[in-house]
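Proteins get letters first, then strands, A, B, ... in listed order; numbering begins at 1 in each. The structure displayed is predicted, hence computed values, not measured ones.
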There are 2 protein chains.
Amino acid sequence: MHAQVIPLSVPALREACSQCNLRELCLPVGLSPEELAQLDELVETRRRVLRGQHIYRSGDTFEALYAIKTGFFKTDVLLEDGRDQVTGFQMAGEILGLDGIGTEKHTCNAIALEDSEVCVIPFIDLENYSREIGALQHHFHKVMSREIVRDHGVMMLLGIMRAEERLAAFLLNLSQRFTARGYSPTEFNLRMTRNEIGSYLGLKLETVSRAFSRFQDEGLITVHQKHIQILDVAGLKKLLSERRT
Amino acid sequence: MHAQVIPLSVPALREACSQCNLRELCLPVGLSPEELAQLDELVETRRRVLRGQHIYRSGDTFEALYAIKTGFFKTDVLLEDGRDQVTGFQMAGEILGLDGIGTEKHTCNAIALEDSEVCVIPFIDLENYSREIGALQHHFHKVMSREIVRDHGVMMLLGIMRAEERLAAFLLNLSQRFTARGYSPTEFNLRMTRNEIGSYLGLKLETVSRAFSRFQDEGLITVHQKHIQILDVAGLKKLLSERRT
DNA sequence: CGTGAGCCTTGATCTGCGTCAACGTGAACT
DNA sequence: AGTTCACGTTGACGCAGATCAAGGCTCACG
């Protein structure tokens, strides 16, 4: 796992947003080519993060946002008594670190679930560029707003849905995000454990496991460890809209 | 309910941020007097909202944020099947409408729980002023970030806390916000029903009622309908940090 | 001042999910 | 190829909170 020392030119280390294939998903959405070229100065460095490593921890001083170039992350919050809650799973093109702006300290942990690469966006620079590039400013506001709306969705999950509804919503959400990234909507590998899914959904890992089995028995999906195939998208959606009780 | 037509000078209808006693809590935090004077142009109108009325509904086109000048609000989301979830309670100095930026449609309902007054902040103007006033831009980002952190807190409530912990956290949070506004930390009137508290906390109204009764029996609080007096703040806090089970 | 409607409280009972326990599985080592 | 260890599955049982039900309080309104 030791990196061989290979001489690299500076441009190779810098990440050019204008060249990135995620530019339609990530911060640069909606920028003109000229604006995009300006933005290339914004991303200072790329950073490799190995599976299990943190990008930041709760309490760390907030300095930068992180755009995921490749890989998969979770964010979680720990209570003093040892309980913890996964607050989200993030994939390529999504932005990590928004929680830190308010207090200038991060309030959660961001951990790579697989070997990943992130673009480091110094926040002070983002604010400066935002003042010059209206489209960037506006898009950044949208990113934050969408995070708030996503959180409301999680509150709905946790507040009023039953176990199987939560898991169905979770799978459909993953499916939709994989689709947006050009992957199969119906077949993917989970990067997180049953325990992490449970923590996110407010359930115990046994309940998650049972719900997976139940879905499989009903012909909605197939599960082999972390490999999921969705057989009946409509069936999963119906689970969400049907009120039982 | 018909408003009498009373001639008013324009300055009376306009809300001057620089004169507002909430300026230390609301958007203008951290602005210099000169910047504050600029901001006075930003807030276009004040709007009265009577108890039970919406400021906006899910699906409405997003155009403005709303700063609460006086009063008390809830936001909620409705599912097609009729279930709903309260996503937050907002009081003076807090900003409503952030959910709408991302999609240009509001994604929840904002409803006054008592007769209230809000300052209408056209979002396009806010973005324009933000580009000129760095401190405003930065503070607005903080406001959004704090909303994200608040949402994470609610996820913790819903995901891992038991009923009494949730209610204790809720009361302590209200107490702290009343304190910041110069009201008593230990004595206040709830503006929401047991049902609304339950919806926010992911509990049924009966469970909320029982938890109130239990707290009263244990000498932590007194409850008379909507009137709450906290007798033992430390006791409530202990409920949160103690892991039972 | 009596009536009704909305809200709240309390008790009895039910149930979905948690807890506990045992076993299965597969990938990474030796 | 065998061992180990983390992760996953499944069953039996228990409990926190939901559900159902009955009654009380408070305030608006005729």
Side-chain angles (χ1 to χ4, degrees), chain A residues 1 50-52 74 82-86 111 113-115 157-168 170 189-218 221-228 239 242-245, chain B residues 1 50-52 74 82-86 111 113-115 157-168 170 189-218 221-228 239 242-245:
Chain A
M1 211 53 87
L50 298 179
R51 190 176 130 97
K74 71 169 176 182
R83 287 182 287 179
D84 75 324
Q85 165 106 5
V86 172
I111 301 148
L113 295 180
E114 61 185 32
D115 294 356
L157 279 187
L158 296 172
I160 60 184
M161 292 191 188
R162 35 187 56 253
E164 293 191 2
E165 291 178 296
R166 295 183 201 189
L167 193 64
F170 174 72
N189 284 297
L190 299 173
R191 317 297 151 101
M192 67 296 279
T193 66
R194 301 287 188 268
N195 195 25
E196 287 163 335
I197 297 171
S199 173
Y200 181 61
L201 298 178
L203 302 169
K204 292 292 155 183
L205 66 93
E206 294 94 332
T207 306
V208 173
S209 181
R210 278 187 245 269
F212 271 132
S213 300
R214 186 116 197 279
F215 285 175
Q216 185 159 237
D217 293 347
E218 288 167 349
I221 63 174
T222 64
V223 195
H224 292 111
Q225 302 290 120
K226 297 213 149 79
H227 184 86
I228 301 284
L239 266 183
E242 261 174 14
R243 189 75 194 104
R244 202 170 9 284
T245 290
Chain B
M1 207 59 80
L50 298 180
R51 191 175 129 96
K74 71 168 176 182
R83 286 182 286 180
D84 74 325
Q85 165 105 5
V86 171
I111 302 148
L113 295 180
E114 60 183 33
D115 294 356
L157 279 187
L158 295 172
I160 59 183
M161 292 189 187
R162 35 188 55 250
E164 293 190 3
E165 291 177 298
R166 295 183 200 189
L167 192 64
F170 173 72
N189 283 297
L190 299 172
R191 317 297 151 103
M192 68 294 277
T193 66
R194 301 288 188 268
N195 195 27
E196 287 163 336
I197 297 171
S199 173
Y200 180 62
L201 298 177
L203 302 169
K204 292 293 155 181
L205 68 93
E206 294 94 331
T207 305
V208 173
S209 180
R210 279 187 245 270
F212 271 132
S213 299
R214 186 116 197 281
F215 285 174
Q216 185 159 237
D217 293 347
E218 288 166 349
I221 62 174
T222 64
V223 194
H224 291 111
Q225 301 291 119
K226 297 214 149 80
H227 185 85
I228 301 285
L239 265 183
E242 261 174 14
R243 187 77 194 104
R244 197 172 12 285
T245 291

Checklist entry - Which pair of heavy atoms, one from A/Leu113 and one from A/Arg191, lies closest together, and at what distance? => result CB-O, 3.9 Å
Item to check | Min side-chain heavy-atom separation B/Met192-B/Val86 under 4.5 Å | outcome: no
Checklist entry - B/Gly198 near the nucleic acid: base, sugar-phosphate alone, or nothing, with a heavy-atom cut-off under 4.0 Å? => result nothing
Item to check | Protein-nucleotide distance (A/His227, atom NE2; C/dA27, atom C1'), rounded to Å | outcome: 18 Å
Checklist entry - Between B/Thr193 and B/Arg210, who's closer to the 5' end of DNA chain C by nearest nucleotide? => result B/Thr193
Checklist entry - So, is B/Ser209 close to the C/dT10 phosphate, meaning a side-chain N or O under 4.0 Å from OP1 or OP2? => result no
Checklist entry - Rounded to whole angstroms, how far apart are CD on A/Gln216 and C1' on D/dT10? => result 14 Å
Checklist outcome for this item: When rounded to whole Å, the CG to C1' distance for the pair B/Leu201 and D/dA18 reads 15 Å
Checklist outcome for this item: Rounded to whole Å, the CE-P distance (B/Met192 to C/dC8) equals 11 Å
Checklist entry - With a 4.0 Å cut-off on heavy atoms, is A/Leu205 in touch with a base, just the backbone sugar-phosphate, or nothing at all? => result base
Next on the checklist: From NZ of B/Lys204 over to P of C/dT10, roughly how many Å is that when rounded to an integer?
Outcome noted: 20 Å
Next on the checklist: Quick check on D/dT26: is either OP1 or OP2 less than 4.0 Å from any side-chain nitrogen or oxygen of B/Lys226?
Outcome noted: no
Checklist entry - Rounding to a whole Å, what distance do you find between B/Arg214:CZ and C/dT9:P? => result 16 Å
Item to check | Length of the CG-P vector between A/Asp217 and D/dT10, whole Å | outcome: 8 Å
Checklist entry - Between A/Glu218 and A/Arg214, is there a side-chain N and carboxylate O pair less than 4.0 Å apart? => result yes
Checklist entry - Does B/Arg194 have a side-chain nitrogen or oxygen under 4.0 Å from the phosphate oxygens OP1 or OP2 of C/dC7? => result no
Item to check | Value in whole Å for how far the C1' atom of D/dT9 lies from NE2 of A/His224 | outcome: 13 Å
Item to check | Minimal non-hydrogen separation, B/Ala163 against B/Thr207, with atom names | outcome: CB-CG2, 3.9 Å
Next on the checklist: Using a distance-only criterion (donor-acceptor N/O pair, under 3.5 Å, no hydrogens), is the base of C/dC20 paired with the side chain of A/Glu206?
Outcome noted: yes
Next on the checklist: Nearest heavy atom decides the nucleotide; on that basis, is A/Gln225 or A/Met161 closer to the 5' end of DNA chain C?
Outcome noted: A/Met161
Item to check | Under 4.0 angstrom between A/Thr207 side-chain N/O and C/dG18 OP1 or OP2 | outcome: yes
Checklist entry - Do the non-hydrogen side-chain atoms of B/Val208 and B/Phe170 ever get within less than 4.5 Å of each other? => result no
